[in-house]
Participant: 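Starting off with a structure, shown below.
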Amino acid sequence: MSKSGKGSAVAAAESSGKSAAVRRKGAVNQMQDLLHEALIDTGHVQCCALVLAKDGSVRATSLGYQPCKKSISAVVANFRKSPIIRPKEIAFEGKVYTGIRNDSMSLYGRDEAGTSGLVVTLTASFIICAMYSPGMFASVCVEAVEKLGDYIREKGK
């Protein structure tokens, strides 16, 4: 900690005259790096996003992935409903997934062919969305997303 009580990265950014926007961009890059290291690098997550649960704003995504606002809004709305009254099917990114797990913390779905799917988990502040495609193992995708969710929960977020 610096004398001002701030972390060294924040203090260094402030002393170098960097704006708040530049500091936020650094945080986004860290979140994007986290998504890649924890999810994409497994080889069993095609694309992913970290979404702020409060308002559905996308905080970070895997490289090249731009989630559809309608899909993100639907996932956020889904977690606001009781698991008992949630729909059995999940529409996300133009596909319809049959719900496999749908509880207060997680939502899993797979396509009709069973070859691709969606894995979503909720933390106190974030929703992690990940998709897997043919040739990828759903179980590895689920494990990676849930471990990242546990990590974020441990951090109090």
Participant: Sequence neighbours excluded, which residues qualify as side chain to side chain contact (heavy atoms under 4.5 Å, CB included) partners of S57?
Facilitator: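 So S57 forms a side chain to side chain contact (heavy atoms under 4.5 Å, CB included) with L52, D55, R59.
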Participant: According to a 4.5 Å side-chain heavy-atom criterion applied to Ile, Leu, Val, Met, Phe, Trp and Tyr, with indirect links allowed, do L39 and V140 form part of one hydrophobic cluster?
Facilitator: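 Hydrophobic grouping puts L39 apart from V140.
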Participant: When you look at I128 and V120, which way does the side-chain contact (heavy atoms from CB on, under 4.5 Å) test go after all the steps?
Facilitator: CA-CA 5 Å; I128 305 164; V120 183; over 6 Å; no
Participant: Specify the closest pair of heavy atoms between I90 and G99, including all atoms of both residues, with the distance to one decimal.
Facilitator: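 Reported closest heavy-atom pair: CD1-CA, 4.2 Å.
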Participant: Kindly work out whether a path of hydrophobic side-chain contacts (I/L/V/M/F/W/Y, heavy atoms less than 4.5 Å apart) joins M31 to V45.
Facilitator: yes
Participant: Show your working on side-chain contact (heavy atoms from CB on, under 4.5 Å) between L118 and L107 and close with a plain yes or no.
Facilitator: CA-CA 8 Å; L118 171 69; L107 185 135; 4.2 Å; yes
Participant: So which heavy atom on S106 is nearest to which on T121, and how close?
Facilitator: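 Shortest heavy-atom separation between S106 and T121 comes out as OG-OG1, 3.5 Å.
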Participant: Looking only at non-hydrogen atoms, find the nearest pair between V119 and C141 and report the distance.
Facilitator: CG2-SG, 3.8 Å
Participant: Quick check against the 3.5 Å criterion: does H36 have a side-chain atom that pairs as donor or acceptor with the backbone of L63?
Facilitator: yes
Participant: Of all the heavy-atom pairs spanning F79 and I127, show the shortest one and how long it is.
Facilitator: CD1-CD1, 4.0 Å
Participant: Can you list every ring-ring contact (aromatic ring centres under 6.0 Å, His included) pair that touches residues 88-125, not counting sequence neighbours?
Facilitator: none
Participant: Apply the test side-chain contact (heavy atoms from CB on, under 4.5 Å) to residues C48 and T61: give CA-CA distance (whole Å), side-chain angles for both, the deciding distance (0.1 Å), then the verdict.
Facilitator: CA-CA 6 Å; C48 54; T61 64; over 6 Å; no
Participant: Got a second to check how far I40's CD1 is from Q32's CD, nearest 0.5 Å?
Facilitator: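 Reported to 0.5 Å precision, the distance equals 10.0 Å.
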Participant: Would you list the atom pairs, donor with acceptor, under 3.5 Å between side chains in residues 130-139 and any protein atom, with sequence neighbours excluded?
Facilitator:
none

Participant: For T123, check side chain to side chain contact (heavy atoms under 4.5 Å, CB included) against everything at least two apart and list the hits.
Facilitator: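 Result, side chain to side chain contact (heavy atoms under 4.5 Å, CB included) vs T123: F126, I152, R153.
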Participant: Residues in side chain to side chain donor-acceptor pair (under 3.5 Å) with E143, at least two apart?
Facilitator: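 For E143 the side chain to side chain donor-acceptor pair (under 3.5 Å) partners, ignoring immediate neighbours, are K147.
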Participant: Distance from S62 atom OG to L35 atom CG, nearest 0.5 Å?
Facilitator: 7.0 Å
Participant: Sequence neighbours left out, what passes side chain to side chain donor-acceptor pair (under 3.5 Å) with S116? Give chain and number order.
Facilitator: K95, D111
Participant: Just wondering, do I100 and R110 contact through their side chains at under 4.5 Å, heavy atoms?
Facilitator: yes
Participant: Between V58 and P67, which heavy-atom pair has the shortest distance, and what is it?
Facilitator: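 Looking at all heavy atoms of both residues, the shortest contact is CG2-CG, 3.9 Å.
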Participant: Mind listing the closest non-hydrogen atom pair of G56 and I72 along with its distance?
Facilitator: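 That would be O-CG2, 3.3 Å.
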Participant: Could you give me the CA-CA distance, side-chain angles and deciding distance for E146 and V142, then say whether side-chain contact (heavy atoms from CB on, under 4.5 Å) is met?
Facilitator: CA-CA 6 Å; E146 293 293 353; V142 166; 4.2 Å; yes
Participant: Nearest 0.5 Å, what's the CG-CG distance between N78 and L122?
Facilitator: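 Those atoms lie 10.5 Å apart.
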